[in-house]
Amino acid sequence: MHNLHDYLEKAKEENIAIGHFNISNIEALWAIYEAARDLKQPVIIGVSEGERKFVGIKQAASLVQSIRNEFDYPIFINADHTHDVNGVKECIDAGFDSVMIDGSKLSFDENVAMTKEVVEYAHHIAQEESRTVLVEAELGYIGSSSALLDKIPEGAGEDKTTPEIAKKFTEETEVDIFAPSVGNIHGVVKSGNPHIDASLVGEIASASDAYLVLHGGSGITDEDLRAGIEAGISIVHVNTEIRKAFRDGLEESLERNDSVAPYKYMDVPRQKVYDVVYNKIKLFAGL
Ligand SMILES: [Zn+2]
């Protein structure tokens, strides 16, 4: 079986993107795996700091690895938005395939220094243990809440990443995966999310060797997502839309089901998450 690096290379060559979906529980994990399996596409499971605290770091890694091993399936786990080096190291040590060190709120130099430290550690461990550990970093603040928003958070998406700064940052840090600010923001804005600047994505893709990831894939139109992927995005993060699907499904389920058995009322939220993920993967893979 191939590693995440191989699948990213393939995605880049074919102008498609791998979906990255966050989980807080096993219901969503099964739903995401089943949607990916039904479309025969690799998939990345994300756990942010808050989600990891809830699920458990080693437990999240073990759950994903157990599916990977039992079904011989390309499902990977990423430590999403991690704000300190120790937090990242803990996930690398637990066996994560990739980690995101988020210094997007720091100065350029501080972000470079922190990212470099993580890259050195990750690549050292990868070599020691003969496995792949990819590192992702982000430049430019795009908001921080995967929620339904009344308006765009203050300052989010304002300092778009230029191709020059992307080149400088990725060369200095040697980071594997890079998250630029190209009009995307975290969360779903009720009045509509901003547009993705696909031509800027294309310029950044030409200027940098790192794989490009688009955060805030919820609330963006299918046309904008496809344009961004065509221009060079290799991973798209989706969280808010599946959180909403889970909650809507749970409310619907509790309303019509009196059972106290979780596996009887959790089937609707699981199915709702499956539906969202299925449609996103289909779009990302150009199917
Ligand atoms: Zn994100």
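Both ligands and their constituent atoms are indexed starting at 1 by order of listing.
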| field | Glu51 with Arg243: basic N within carboxylate O range, under 4.0 Å | value | yes
| field | Aromatic plane relationship, His186 with His81 - under 30° parallel, 30 to 60° tilted, over 60° perpendicular | value | perpendicular
| message | Is the shortest side-chain heavy-atom distance between Ile16 and Leu287 below 4.5 Å? | response | no
| query | Are there any protein N/O/S atoms under 2.8 Å from the Zn ion (ligand 1), and if so, which? | reply | His81 NE2, His186 NE2, His215 ND1
| query | Taking 4.0 angstrom as the limit, do Lys272 and Asp248 come out as a salt bridge? | reply | no
| query | Regarding Lys89 and the six-membered ring of Tyr121, is the cationic atom NZ or CZ under 6.0 Å from the ring centre and inside 45° of its axis? | reply | yes
| query | What pair of heavy atoms forms the shortest contact from Val99 to Cys91, and how long is it? | reply | CG1-CB, 4.1 Å
